[in-house]
Amino acid sequence: MNNRIALFTYLAISLAAGGLFFLAATLAGTPSLVARLGGAGWTAFLALIIAMPQVVARQSRRHRR
Amino acid sequence: MMKSEPSRKVTLKIEGMTCSSCVSHVEQVLGALPGVSKVVVNLEVGKASVEYQPGMVTLQAMRKAVEEIGYQVLAERIQLQIGGMTCASCAAHIEEAVGNLSGVAKIVVNLPLNSAQLEYAPEMTPLVEVIHTIRQLGYEASIKQNGQNSMDREQESRQQEIRHQRTSLIISASLGLIIMLGTLQPYGFLSKILPEWMNNKVFLFFLTTPIVLGPARQFFIHAWNGLRHGVTDMNLLYATGIGAAYGIAVVNTFFPAAGFGGKDATFYEAAALLTAFILLGRYLEALTRGRTSQAIRRLMKLQPKRARLLREGLEEDIAAEEVQIGDILQVRPGEAIPVDGVVLQGYSSVDQSMITGESLPVEKKAGDQVIGATLNKTGAFQFRATHVGADTALSGIIQLVENAQTSKAPIQKMADKVAGSFILGVHAISLATFLFWFFVGYQLWFNPASNLMLTPYPLTAMGAFGFSLLVSVTVLVISCPCAVGLATPSAMMAGIGKGAEYGIIFKGADAVEATSKLQTVVFDKTGTLTRGEPSLTDVVVARSIEPVEVLRWAAMAERNSEHPLGEAVVRGARQRGIEPSQADSFETLPGLGIVARQGVHQVLLGNRRLMAERSVTVKSLIADATRLEEEGKTAMFVALDGEVIGLVALADTLKETSVRAVAELKRMGLQVVMMTGDNHRTAAAIGRQVGIERVLAEVLPEDKAQQVKKLQIKGSKVAMVGDGINDAPALAQADIGIAIGSGTDVAKETGQLILIRDDLLDVVGGLQVARATMRKVKENLFWAFIYNTLAIPLGMGILYPFLFQVVSPELASLLMVTSSLSVTLNTLRMGGFVPAIRRGVHISQPERHPLPDTNARPA
C-alpha cells in the first residue's frame, strides 16, 4: 500500500516536471518536436531520480511512525 | 476493514536497573511507544519482555526511549563480511537499507575492511533478513569469522573483486580503444592509416553494446537496487551517464532523422571510455584499499600455528588452537610463543616489539608473563598457558583494533552526510544545467565550430537538446562524492592501525578525533608519573664517614623488614652494589623506626622521635632533613652506637620518561596538570621535578572525576592519564581517558586510548598519531572538496562562452577517477609515518631525573 503511494507520488512529480518542460519549451518557441519530447523525457527522468529516494524515505518514515 | 498483523514479542536486555522504580520507569517509557501493547520488566535478569505490533515500532525507538531515561539496551552484536562494495556510497547505501529494518539498532559499515558491525534484536529481525536485504541491494553478505579464517575469506573476497574489476577493465578498455579510434578515423592522420568502415556507426554499436551489457551492467543493477530502496549512490550517476550517452548514440545511429544530432553526434566512445575509466578507478581502488588495513593483517599473521606441548615429560607438536589453559609448553630459541602464559622454568629474552612496540628484547625468567605471538630470542623455557584462543592478548588487540576501525568519527558522519546528499544535489545541478543550456545558453553561445575538450571533431550537428544533454551528462559523471566518502575512513583505518603498531590502541575513530583536539592532559601522580613505590633518593652523612657506610648500616638494619620503606632502603643499597649483612637481632618500633644489633654495634633507623627517645642528637642534620621533607621525601636518621652518622631519604621517584613526556606535551601546546592525593608541599615538589606547574593536590580518589569535570566546564578538552583501574571514574569523565601500562589486557580497560607499555612517551605518541591521522583526514577532505568545487562548474560548461570548449563525458570520468585515487594514494603515505617521539625528534631533556648528590655534606 505504502509502496503504491510512493510510486504514484514520485511518478506524478516526474511526469509533472516533464510536462512543465514540454510546455515551457513550446512557449519558448522550440521548433523541433523531438527536442521538446527528448527534453521533457530527460527532465522527467532526472526529476524521477531526485524525487524517488525522497518520497520512498519519507513514506517509510511515516509508516514507521 | 484493515486486517492487523498478530502482535509479536521481543526480549530486550536492559543494563543499569537497580531497583523497582527503575523497572517502572522502563515499563512506562516502553509502554508509551506507539505499537507497544505490553511490557514486563524483570529486574533480576535485567530483561524487558515487550509485546509489540510489527511495523509500528522499531528497536531503535525502544532503545532511544530507554536510553533517554538513563539505561542501556544491549542488542546482539555481530560482524558481517560484505562483498561487492566499491565506494563510500555503497556503505551508506547498506547502512540506510539495513538501518530501516525494525529490529536493527545500529549498523556501521566499514568499506576498507569490507565488513559491518551490526547491533540488532534477532527476534524482531532475524539475521537472515539482514543478509537478504544486503543481497537484494546487490552485495554479498555473510557472518564474519574471527582470526585467520576471517583474514583468508577477506583476502579471497578482495582477490575476487580485483579479478572481476580487472577482467571488466580489460574488456571495456580494449573495446573502448577501438571505438575511440573508429570515432576519430575521419580526422587527421588517422584517416590515412585506418579503414573507413571503422567509423561505421553500426560497427561502433556492435562494439559498444557488449561493454554496456557486460562490464557496465553492474552500475545499472546497483543503481536500480538502490532506487528501489529509496537510496541513491554513485552507481546511479554512472548508470545515468553511460545510459544517456549510449541511448543517444543508438537513436542517432538507427534513427538519424529523429533530431538528436544525427549520425555525426553519436557518443559510443563516451559510453565505452566512461565505463573503462570508472572501472580503472574501481580496479585501482580495489588494489589499494586493502593496504590501509595492513596493520591488522600483520597482527593476524603473527598468530603462531604450532605449539610444543609437554606431556609426561615428552614433547608433542600440536596446533596452537588446541592448547588448553594449564598446558605446559616448551619454547625453543627462535620460536614464536604460541599463547599467553607464565614462565615456569628457563631463562630467555623475548622480542615483544610486535605487540608492545618495545624495541629491545625483554628478559623472561620463572614467574614472568609471556605474550603469545612474541618471539623467543636466546634461551629455551617452559611456561604454563594462561590465556588461549580468543582470550589471548593478540586476539584482544585484534578485536579492539577491528572494532575501532569499524567505528565512525564525528567528522566522518558529517562527510557521509555530505556524500549522501551529494548524489541528489548532483542530479539537481545536472537538471538545472540542462534547463539552462536548453533555454538560454545554447541560443546565446553555441558555436557549431566548437568541439569537445581534447578532441578534434566539432559539435556541428548538435541541436539544443543534444548539446544540453551532453553537458548535463558530463555534470553527472564529473561529480564524485566517492572521494569525499573515502577521505575519512581510509585515513582513520591507517591511523588506528599505525597506533596499534606502537602499542597505542585507540578504541574508536571518535577517540582519534577527540585525542587530536585535546588541550589539557591531566596525569595521575602515583603509578603514572611516578613509579608508585618508594625508592632511595638521598644519603646524607653527618661526619667523616663514607655515604656507602651509612647505607650499609641502614640496609643491615632493614634487611628483614617487610615495611615498604625498609624494602626500599635494602633495594637502594643493592642497586649501589652493597649486599646487606645479616643483623643478629632486630625490632620494629611502630611509628618510630627500627632497632637492630650486629655484634657489639647497635643501629637505630627512624624519625626524629625515635632519636629523641634514645637521646641521640640530630641537630647537625635537621636542616637537611627539613629540606628533603620539603622536596616531598621521607627522611630517616641513621644512628650507630648512640651517635647519628647520617640520614637516608626515600621518595616515590619519577618514571624514566616522565620529564621528557611532560616537556614534549607542553611543546605541543598542551596544558599539563598533575593530580594527586599528596599534600600541597609534596605535590608541588614532585610537580617541580617533572616540570608541571599546575598541580591539583589533596584530591581524594573519589574526587578525581570531579576535578576533571571542573577543567571541562572551563571549556578545555581534557585527557586523563591513569592506570585504568583506580582512576576509572576520572578516565570515564575525561574527553579521552588514557589507560597507561595496561599490559596486554587491553579489552578490560576503561579508557578510550589504551597504552600497552608503561611508558609516558606513548601518551605523546598517541597524540602525534591522532594529530597526523586527523591531518590526513583534513587533507583528503580538502582534495575531495576542492576537486568537486572546481570540476562541477567545469562540467557545467562554464568555460564554453569564453573558450568554446566543453568537457566530454569520458574526460569527466578520467578526472573523477583521478580524484578518488588522489585520496587513496594520499592515505597510503600514512604507511611510512613514525610518531616523532619514536623517531627521536624531541627537545633536549634529561632522560632521567637524577638522584641528588649522595656525597654532599650539608653546610
Side-chain angles (χ1 to χ4, degrees), chain A, chain B residues 2 34-35 55-58 60-61 96-97 100-102 223 226-233 236-237 239-240 243-244 247-248 251 255 257-261 420-421 423-435 437-440 442-443 463-469 472-473 475-476:
Chain A
M1 183 67 185
N2 286 295
N3 287 344
R4 273 195 211 153
I5 294 172
L7 178 77
F8 177 77
T9 312
Y10 59 69
L11 277 181
I13 292 171
S14 59
L15 286 175
L20 271 174
F21 177 90
F22 189 84
L23 192 68
T26 309
L27 290 175
T30 307
S32 158
L33 178 67
V34 174
R36 277 182 281 158
L37 282 175
W42 183 245
T43 303
F45 177 67
L46 289 180
L48 178 78
I49 288 174
I50 297 165
M52 190 192 266
Q54 308 283 338
V55 173
V56 171
R58 183 167 294 186
Q59 202 59 39
S60 62
R61 270 203 302 274
R62 188 174 293 174
H63 173 65
R64 278 209 301 275
R65 239 183 271 137
Chain B
M2 261 178 68
M56 293 200 48
V57 66
T58 63
Q60 275 182 41
E96 191 167 344
N100 280 337
L101 296 172
S102 64
L227 276 176
R228 278 197 310 156
H229 288 83
V231 286
T232 49
D233 65 2
L236 184 59
L237 295 181
T240 319
I248 290 190
V251 171
F255 309 99
F260 284 4
S421 319
I423 313 264
L424 282 182
V426 167
H427 277 92
I429 294 172
S430 172
L431 179 59
T433 305
F434 175 75
L435 296 176
W437 281 104
F438 188 91
F439 288 111
V440 185
Y442 184 82
Q443 280 79 14
F465 170 65
F467 183 77
S468 310
L469 185 66
S472 176
V473 167
V475 170
L476 290 181

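Residue numbers begin at 1 in each chain, while the letters A, B, ... track the order of the sequences.
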* To do: Examine whether an atom of B/A464 lies under 4.5 Å from a heavy atom of chain A, and if so say whether it belongs to the side chain, the backbone or both; otherwise answer neither.
  => neither
* When rounded to the nearest 0.5 angstrom, what distance separates CD1 in A/I49 from OG1 in B/T240? -> 4.0 Å
* Which of residues 41-48 of chain A get closer than 4.5 angstrom to chain B, counting heavy atoms alone? -> A/W42, A/T43, A/F45, A/L46
* Those residues of residues 12-27 of chain A, ordered by number, that approach chain B below 4.5 Å (heavy atom to heavy atom) -> A/F21, A/A24, A/A25
